[in-house]
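Please read the structure below before turning to the comments.
None of the values given here were measured: they were computed from a predicted structure. Reckoned from all heavy atoms, side chains included, excluding hydrogens, waters and symmetry mates. Throughout, numbering of the chain's residues begins at 1 and tracks the sequence.
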Amino acid sequence: MSKNKTVLTAQARAKAGKGAARATRRSGNIPAVIYGGSKEPVLISLNEKDLVLASAKKGFFTSLCDLSVGGQKFLVLPREVQLHPVNDRPEHADFLRVSEKTIIRVEIPVRVINEKSSPGILKGGVLNLVRHDIDVFCKATEIPDEFVVDLDGLDVGESIHIEDIKMPAGL
């Protein structure tokens with residue numbers, strides 16, 4: 001479980017819509033929204049550089065974020081950063097408001113270890129990783145960083161299934 005939270009600062013936005021979003025982008029900020037938690041959505045804008053740096057980090061979409069907007073703090077999970085189709089600059093971001101009790105669906109990455117000690121790979125076998133991510137339902141505050149698959153001792157023709165992966169309780 002990741003204990004590292006991303007910390008972002010945002011400003012409140014007064015208007016929604018295409019014109020307001022374009023004006024926000026012209027000022028060097030990215031329009032965004034905080035939604036969920038049975039509360040009204042909050043329109044915000046983030047500094048483009050801060051958002052690009054944060055979203056480039058490994059596990060950005062599976063780790064919680066402390067988002068402060070005008071002195072008010074929100075515990076959120078980044079859900080989407082929409083990119084421009086030509087220049088890949090962020091155009092909009094969505095954040096899901098969560099609490100300790102919120103159950104969410106996330107994709108957790110799979111990491112493979114001990115490839116060099118697998119007899120099957122040493123004999124010339126090929127690793128065929130079918131699932132690079134696994135969809136799970138879990139509490140927002142208990143999202144695992146990754147699932148680790150150990151290939152030690154695996155021979156040609158053997159496989160590991162999702163049920164063979166050790167998962168934390170409550171997943």
| request: Check step by step if side chain to side chain contact (heavy atoms under 4.5 Å, CB included) holds for Asp135 and Arg105. | output: CA-CA 7 Å; Asp135 284 342; Arg105 177 182 177 181; 2.9 Å; yes
| task | Could you tell me whether Glu40 and Arg97 have a side-chain N and a carboxylate O separated by less than 4.0 Å? | result | no
| field | Transitive ILVMFWY side-chain link Ile103 to Leu96, under 4.5 Å | value | no
| said: Would you say Asn29 and Thr24 are linked by a side-chain donor-acceptor pair, where the criterion is simply a distance under 3.5 Å? | reply: no
| request: Spell out, yes or no, whether Phe60 and Ile134 are grouped together once hydrophobic residues are joined by side-chain heavy atoms under 4.5 Å, including indirect joins. | output: no
| task | Return the minimal non-hydrogen interatomic distance between Val69 and Ala12, and the atom names on each side. | result | CG1-N, 3.8 Å
| said: Contact between Lys116 and Ser118 at the side-chain level, heavy atoms closer than 4.5 Å - yes or no? | reply: no
| said: For a 4.5 angstrom cut-off between non-hydrogen side-chain atoms, does Asp66 reach Leu8? | reply: no
| query | Do Ile143 and Leu77 come within less than 4.5 Å of each other through their side chains, counting heavy atoms only? | reply | yes
| query | In Å and rounded to the nearest 0.5 Å, what is the CZ to NZ distance from Phe74 to Lys39? | reply | 8.0 Å
| message | Could you check whether any side-chain heavy atom of Val149 comes within less than 4.5 Å of a side-chain heavy atom of Ile165, counting everything from C-beta outward? | response | yes
| Looking at Ser99 and Ala140, what are the two nearest heavy atoms and their distance? | O-CB, 3.9 Å
| said: Using side-chain heavy atoms (C-beta onward) and a distance below 4.5 Å, is Leu64 in contact with Val98? | reply: yes
| field | Hphob cluster co-occupancy, Val106 + Leu75, side-chain heavy atoms under 4.5 angstrom | value | yes
| task | State, to 0.1 Å, how close Gly125 and Val156 come at their nearest heavy-atom pair, and which atoms those are. | result | CA-CG2, 4.4 Å
| task | Side-chain contact test, heavy atoms from C-beta onward, threshold under 4.5 Å: evaluate it for Lys139 versus Lys101 and give yes or no. | result | no
| Atom CZ in Arg13, atom CG in Leu46: separation rounded to 0.5 Å? | 9.5 Å
| task | Could you tell me whether the side chain of Phe137 reaches within less than 4.5 Å of the side chain of Ile104, counting heavy atoms only? | result | no
| task | Could you grab the distance from atom CZ of Arg25 to atom NE2 of His84, nearest 0.5 Å is fine? | result | 8.5 Å
| Within the side chain of Asp164, is there an N or O that forms a donor-acceptor pair under 3.5 Å with the backbone of His161? | yes
| field | Path from Val112 to Ile108 over hydrophobic side-chain contacts below 4.5 Å | value | yes
| query | Any idea which heavy atoms bring Val110 and Arg131 closest together, and the distance? | reply | CG2-O, 3.7 Å
| query | Out of curiosity, does Leu67 fall in the hydrophobic cluster containing Leu51 (side-chain heavy atoms, cut-off under 4.5 Å, transitive links)? | reply | yes
| remark: Here the gap from Asn114 atom CG to Ile121 atom CD1, rounded to the nearest 0.5 Å, amounts to 10.0 Å
| remark: CG of Leu129 to CZ of Arg111, rounded to nearest 0.5 Å, is 12.5 Å
| said: If I compare all heavy atoms of Ile162 with all of Met167, which pair ends up nearest, and what's the gap? | reply: CG2-CE, 3.8 Å
| query | Nearest heavy-atom pair of Cys138 and Pro144: which atoms, and what distance? | reply | SG-CD, 4.4 Å
| NZ/Lys57 to OG1/Thr6 distance, rounded to the nearest 0.5 angstrom? | 5.5 Å
| query | Side chains of Ile30 and Glu48: does their closest heavy-atom pair fall under 4.5 Å? | reply | yes
| message | Does this structure show an ion pair linking Asp145 with Lys58, if we count only N-O contacts that are shorter than 4.0 Å? | response | no
| request: List the steps, then state whether side chain to side chain contact (heavy atoms under 4.5 Å, CB included) holds for Val42 with Phe95. | output: CA-CA 10 Å; Val42 178; Phe95 296 93; over 6 Å; no
